[in-house]
Amino acid sequence: MRKSLLRILPWVVTAGLLLVVFHRISFEKVMTAVHRAPGWTLPSILGFVVAVYLADSFAIWKTFGWFLTRMSLSDVLLVRGATYLLAAINYNVGQGAIVYFVHKNAGTTIMRGIATTLLVLGTNVLALLFLATAGLTAAPDVPHAVKVLVVIAWVGLAIYVALVALRPRWLDRPVFEVLLNAGLGGHARALVVRLPHIASLMAFQFAALRAFGIHVPFVDALATLPVVFLVAVLPISVQGLGTTQATMVYFFARYAPGSGDERGAAVLAASLVAQAVALGFQAVLGVICLRTRVGRALQASTKEAVEISPPDAGTSPPDAGTPAAPLQAP
């Protein structure tokens with residue numbers, strides 16, 4: 001019953017949020033905003049989606065090479081592309097696919113793979129926090145909620161740094177091994193190679209907003225988009241649908257032209273079109289990658305992992321990419 005509820009809950013959240021958004025914003029006005037978008041909208045959004053995929057794969061390739069095992073960049077590109085589709089079909093399987101693939105084909109332990117993906121996720125959050133903080137220093141008029149979230153994140157970072165420095169005994173577990181042993185230098189390297197991915201995510205959303213006539217000042221986008229990404233990656237909706245749209249409307253409707261409804265419709269149209277392009281690209285890319293030698297090996301190793309895992313296993317290893325929804329969607 002618990003597992004069934006957990007499968008259904010994201011769909012309920014997504015449907016509920018979209019119903020609320022479309023109750024407040026006319027569907028007709030959203031479609032009008034879509035039809036008014038210039039011809040360069042889809043090609044530009046697709047180009048940034050491809051850039052997000054390449055930058056994400058590059059960051060995984062470097063980080064896994066430093067802390068887990070060396071892989072060829074071509075293999076990482078194929079595995080990452082395949083996991084986009086696997087995550088869309090079965091979120092838990094998509095999350096752990098890279099870890100199980102490396103375990104099966106390189107002989108690394110699953111626990112160290114999970115530990116490395118925790119480092120990847122941690123550097124994602126660090127990059128978003130630094131960008132949001134930089135944006136706040138130049139754009140103090142952003143919504144108060146952004147400031148509160150950034151302060152909370154800095155408190156969390158201070159606690160994390162203290163734990164890594166003190167290394168209490170209760171943290172001496174295999175799942176924290178990579179985080180504790182990476183040190184400041186390791187975290188810095190992982191952060192640097194993750195920055196192109198975060199930058200391409202920012203450019204992706206920024207371009208989508210501009211295509212629909214929403215002129216967000218760059219510093220304001222720098223402060224608020226990281227919060228959108230963090231909300232979108234929360235595992236409470238399907239591929240970030242609903243949470244992304246609600247957050248985008250909340251933050252960016254005031255920058256759109258027109259009346260209140262028209263402003264919300266423009267932001268909602270931009271968000272839905274961008275996410276649709278991203279999901280479509282991921283689906284096509286996933287099918288192509290799964291048909292390759294690496295893709296077939298990924299499917300075999302993932303299937304074996306699912307068969308041997310206990311039926312009431314808790315959570316799967318976190319996804320190595322991210323922030324999920326903008327490119328999980330991007």
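Under the 4.5 Å side-chain criterion, counting only non-hydrogen atoms from C-beta, F64 is in contact with T117. Proximity of L163 to P168: side-chain heavy atoms (C-beta onward) are separated by under 4.5 Å at one or more points. At least one side-chain heavy atom of W154 sits less than 4.5 Å from a side-chain heavy atom of T133. Contact of the F67 side chain with the R189 side chain is registered, since non-hydrogen atoms from C-beta on lie closer than 4.5 Å. Residues V178 and L118 fail the side-chain proximity criterion, which asks for heavy atoms closer than 4.5 Å. Contact annotation: the side chain of F130 never approaches that of P226 to less than 4.5 Å [non-hydrogen atoms, C-beta and beyond]. When side chains are defined from C-beta on, F204 does not count as touching L225, because their heavy atoms never get closer than 4.5 Å. Under the 4.5 Å side-chain criterion, counting only non-hydrogen atoms from C-beta, L268 is in contact with F22.
Checking side-chain atoms of R263 against main-chain N and O of G258 turns up a donor-acceptor pair under 3.5 Å. Of the possible donor and acceptor atoms, one in the side chain of N105 sits under 3.5 Å from a partner among the backbone N and O of F101. A donor-acceptor pair is defined here as one N or O able to donate and one able to accept, closer than 3.5 Å; such a pair exists between the side chain of S44 and the backbone of T41. Judged by distance alone, the side chain of R210 and the main-chain N or O of H215 form no donor-acceptor pair under 3.5 Å. Although no hydrogens or angles enter the test, the distance criterion places no donor-acceptor pair under 3.5 Å between the side chain of Q275 and the main chain of L272. Formation of a donor-acceptor pair under 3.5 Å by the T63 side chain with backbone atoms of I60 is not found in this model.
In this structure T69 satisfies the side-chain hydrogen bond (donor to acceptor under 3.5 Å, both in side chains) test with no other residue, sequence neighbours excluded. Qualifying side-chain hydrogen bond (donor to acceptor under 3.5 Å, both in side chains) partners for H103, counting only residues two or more places apart in sequence or in other chains: none.
Ring geometry for H187 versus Y160: interplanar angle over 60°, hence perpendicular rather than tilted (30 to 60°).
For the pairing with T116, the side-chain contact (heavy atoms from CB on, under 4.5 Å) check across L121, V99, L68 returns one residue only, L68.
If you chain together hydrophobic residues whose side chains sit under 4.5 Å apart, M248 and F27 fall into the same group. Cluster annotation: V12 is not connected to L17 through the hydrophobic network of ILVMFWY side chains, with a link wherever side-chain heavy atoms come within less than 4.5 Å. Both L157 and V155 are assigned to one and the same hydrophobic cluster, defined by single-linkage of ILVMFWY side chains at heavy-atom distances under 4.5 Å. Under the 4.5 Å side-chain contact rule for hydrophobic residues, L73 and V120 share a cluster. At a threshold of 4.5 Å between side-chain heavy atoms, the hydrophobic network of Ile, Leu, Val, Met, Phe, Trp and Tyr places M31 and I25 in one connected group.
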Side chain to side chain contact (heavy atoms under 4.5 Å, CB included) assessment of S57 paired with W61: CA-CA 6 Å; S57 300; W61 174 57; over 6 Å; no
Q205 and F48: side chain to side chain contact (heavy atoms under 4.5 Å, CB included), yes or no, with the steps? CA-CA 9 Å; Q205 292 287 3; F48 283 115; over 6 Å; no
Before giving the answer on side chain to side chain contact (heavy atoms under 4.5 Å, CB included), spell out for L298 and T83 the whole-Å C-alpha distance, their side-chain angles and the decisive distance to 0.1 Å. CA-CA 9 Å; L298 175 69; T83 56; 4.1 Å; yes
Applying side chain to side chain contact (heavy atoms under 4.5 Å, CB included) to L54 and R80, what does each step give before you reach the verdict? CA-CA 9 Å; L54 295 175; R80 190 63 185 124; over 6 Å; no
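One distance of note links CG of L230 with OG1 of T243; it measures 11.5 Å at 0.5 Å rounding. For the atom pair CZ (R173) and CG (L179), the distance works out to 14.0 Å, reported to the nearest 0.5 Å. I214 CD1 to F252 CZ: the interatomic distance, rounded to the nearest 0.5 Å, is 9.0 Å. Rounded to the nearest 0.5 Å, atoms CZ (R296) and CG (L78) are 11.0 Å apart. If you take CG on L77 and CG on L285, they are separated by 9.0 Å, rounding to the nearest 0.5 Å. For the atom pair I198 CD1 and L128 CG, the distance stands at 4.5 Å (nearest 0.5 Å).
Here the closest non-hydrogen pair linking S237 and G240 is OG-CA, 3.3 Å. Here the shortest heavy-atom pairing between P38 and A211 reads CD-O, 3.0 Å. Closest approach of A82 to C289, counting heavy atoms only: N-CB, 3.6 Å. For the residue pair V267 and A256, the shortest heavy atom distance occurs at CG2-CB, 4.4 Å. The two residues A55 and S200 make their nearest non-hydrogen contact at CB-OG, 4.0 Å. Here the closest non-hydrogen pair linking S26 and E28 is OG-OE1, 2.9 Å.
Shown here is W40, whose CH2 atom has more than 12 heavy atoms of other residues, nucleotides or ligands within 6.0 Å. Heavy-atom contacts from other residues, nucleotides or ligands closer than 6.0 Å to CZ of F218 number 12 or fewer.
Ionic pairing of R293 and D75 is present here: one or more N-O contacts between side-chain nitrogen and carboxylate oxygen are shorter than 4.0 angstrom.
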